[in-house]
2 protein chains.
Amino acid sequence: MHVDIKHIQELIKEKDLKVTPQRIGVLEAVYTLHNHPTAEQIIDFIHNKYPSIAIGTVYKTLDTFVKYGVINKVLTEGEVTRYDGVLKHHHHLYNEGNNEIKDYVNEELDEMLKTFFEKNAIEDYQISSITLHISVKSLNNNSNK
Amino acid sequence: MHVDIKHIQELIKEKDLKVTPQRIGVLEAVYTLHNHPTAEQIIDFIHNKYPSIAIGTVYKTLDTFVKYGVINKVLTEGEVTRYDGVLKHHHHLYNEGNNEIKDYVNEELDEMLKTFFEKNAIEDYQISSITLHISVKSLNNNSNK
DNA sequence: ATTCTTGCAAAGCATTTGCACCCTG
DNA sequence: CAGGGTGCAAATGCTTTGCAAGAAT
């Protein structure tokens, strides 16, 4: 998967953050590694293109991006933190076989949920978003794909 | 909330685990602290009743319970691990204001989701469970309750 | 020029581990 | 009494922090 650096620079600038090689590298890594990478995976990826970037900088950059809504953290069962560059609303498929997390997009489902909770409001709360965590098993014995 | 020790002992025995004061204490803590406690909260609770229990033992016991399905881990955004003693299927309300996680049970919703995914199967996967992560804001300025 | 960002290395903290001893079944 | 469970303390590993030096606007 190829990633457009120009586009990355714009995303950073849009949030009034300074555009630095480190930030470009981190965001490029998150997009390229698209499968909910850990900080460690991001650091490994970056070390090819920008060999001298500091680990602390990667952590700080990831925090900044999450804070400014450039990326999100993924919900996990207390393992290492994983990040997600896909901002469009989506759900997650947790593959029990190989521990992978895949995105699942379904607008019809979102529409149905929206309607449901309009009719069945939760007392005292206003809903800001609903994300499904769908645990699945592969039907093929092939644990990848 | 009062918790029945007899019942706790049975739950442990059912899994062919040895019933020890440490295990009883840990499970008692998870049930009493019912609000998705961290290991630290569990340790604090236990230290009243069983002052000399080791921290490492609590971690080992929690791992064992998760492994044998006595309790579950809760999905979080990479913070400390939280545990959940409620085994009945339920969803989670993430209160953005105070970072609390509450249970949300709605069988009609579950029924609707089941029907939806019967009609809209996910290619190559079999669904084992669906949990909603509902981000909410309190409507009262009162951030508790 | 000013403010924000980076690099580095040390510190922090939750969790894990190894092993001798102990207790449950 | 046999096998698993516990306590302890050290070790691990992810992540954060503080600050001087550097870079972006």
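So that the names make sense, note that chain A is the first sequence line, chain B the second, and so on, each numbered from 1.
- Distance, A:I24 CD1 to D:dA23 P: 15 Å, rounded to whole Å.
- Hydrophobic clustering, with ILVMFWY side chains joined whenever heavy atoms are under 4.5 angstrom apart, groups B:Y125 together with A:L132.
- Dashed line: the shortest gap from a side-chain N or O of B:Q22 to OP1 or OP2 of D:dG7 is under 4.0 Å.
- Using a 4.0 Å cut-off on heavy atoms, the residues of residues 72-84 of chain A that approach DNA chain D are A:V80, A:T81, listed by number.
- The distance between atom NZ of A:K67 and atom C1' of D:dT16, rounded to the nearest whole Å, is 14 Å.
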Donor-acceptor pairs are to be reported for all side-chain atoms of residues 44-61 of chain A against protein atoms at under 3.5 Å, with residues two or more places apart or in another chain.
residue: A:H47; atom: NE2; partner: A:I53; partner atom: O; Å: 3.2
residue: A:K49; atom: NZ; partner: A:E28; partner atom: OE2; Å: 2.8
residue: A:T61; atom: OG1; partner: A:T57; partner atom: O; Å: 2.6

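- Atom P of nucleotide D:dT6 and atom CD1 of B:I43 are separated by 14 Å, given to the nearest angstrom.
- At a cut-off of 3.5 Å, with distance as the only test, a side-chain donor of B:S138 or B:N95 sits close to an acceptor on the other residue.
- Linking Ile, Leu, Val, Met, Phe, Trp and Tyr residues whenever their side-chain heavy atoms come within less than 4.5 Å places B:L113 and A:I134 in a single cluster.
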Show me the side-chain donor-acceptor pairs of residues 4-26 of chain A shorter than 3.5 Å, one per line, residues at least two apart or across chains.
residue: A:D4; atom: OD1; partner: A:K6; partner atom: N; Å: 3.1
residue: A:K15; atom: NZ; partner: A:Y68; partner atom: O; Å: 3.4
residue: A:T20; atom: OG1; partner: A:R23; partner atom: N; Å: 3.1
residue: A:R23; atom: NH1; partner: A:K18; partner atom: O; Å: 3.0

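- Between A:K73 and A:Y83, the closest side-chain pair of non-hydrogen atoms falls below 4.5 Å.
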Check: Between A:D103 and A:H36, does a side chain to side chain donor-acceptor pair (under 3.5 Å) hold up when you go through it step by step?
Finding: CA-CA 9 Å; A:D103 287 353; A:H36 311 97; 2.9 Å; yes
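- A rotation axis mapping the C1' atoms of four pairs onto the next four is fitted at both ends of the helix from C:dA1-D:dT25 to C:dG25-D:dC1 over five pairs, and the angle between these axes is 50° to 10 degrees.
- Whole-Å rounding puts the B:I53 CD1 to D:dT6 C1' distance at 9 Å.
- Both A:I71 and A:I43 are assigned to one and the same hydrophobic cluster, defined by single-linkage of ILVMFWY side chains at heavy-atom distances under 4.5 Å.
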Nucleotide N/O of nucleotides 20-25 of chain C paired with protein N/O under 3.5 Å:
residue: C:dT24; atom: O2; partner: B:K18; partner atom: NZ; Å: 3.3
residue: C:dG25; atom: OP1; partner: B:V19; partner atom: N; Å: 3.0

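- Atom P of nucleotide D:dT16 and atom CG of A:L62 are separated by 9 Å, given to the nearest angstrom.
- The stretch residues 54-61 of chain B touches DNA chain C through B:Y59, B:K60, each having a heavy atom under 4.0 angstrom from the strand.
- Heavy-atom minimum distance, A:G85 versus A:V30: N-CG1, 3.6 Å.
- Whole-Å rounding puts the B:D63 CG to D:dG5 C1' distance at 14 Å.
- For B:T64 and A:A39, each mapped to the nucleotide of DNA chain D holding its nearest heavy atom, the one lying further toward the 5' end belongs to B:T64.
- A:Y50 has its OH atom 15 Å from the C1' atom of D:dA23, to the nearest Å.
- In this structure, the ring of A:H91 has its center less than 6.0 angstrom from the ring center of A:H89.
- More than 12 heavy-atom neighbours from other residues, nucleotides or ligands sit within 6.0 angstrom of CD on A:E118.
- Side-chain contact, A:T81 with B:E77: no donor N or O sits under 3.5 Å from an acceptor N or O.
- Aromatic rings of B:H90 and B:Y104 (six-membered ring for Trp) have centroids beyond the 6.0 Å cut-off, not under it.
- Cluster membership check: B:Y31 does not share its hydrophobic cluster with B:V74, using side-chain heavy-atom separations under 4.5 Å among Ile, Leu, Val, Met, Phe, Trp and Tyr.
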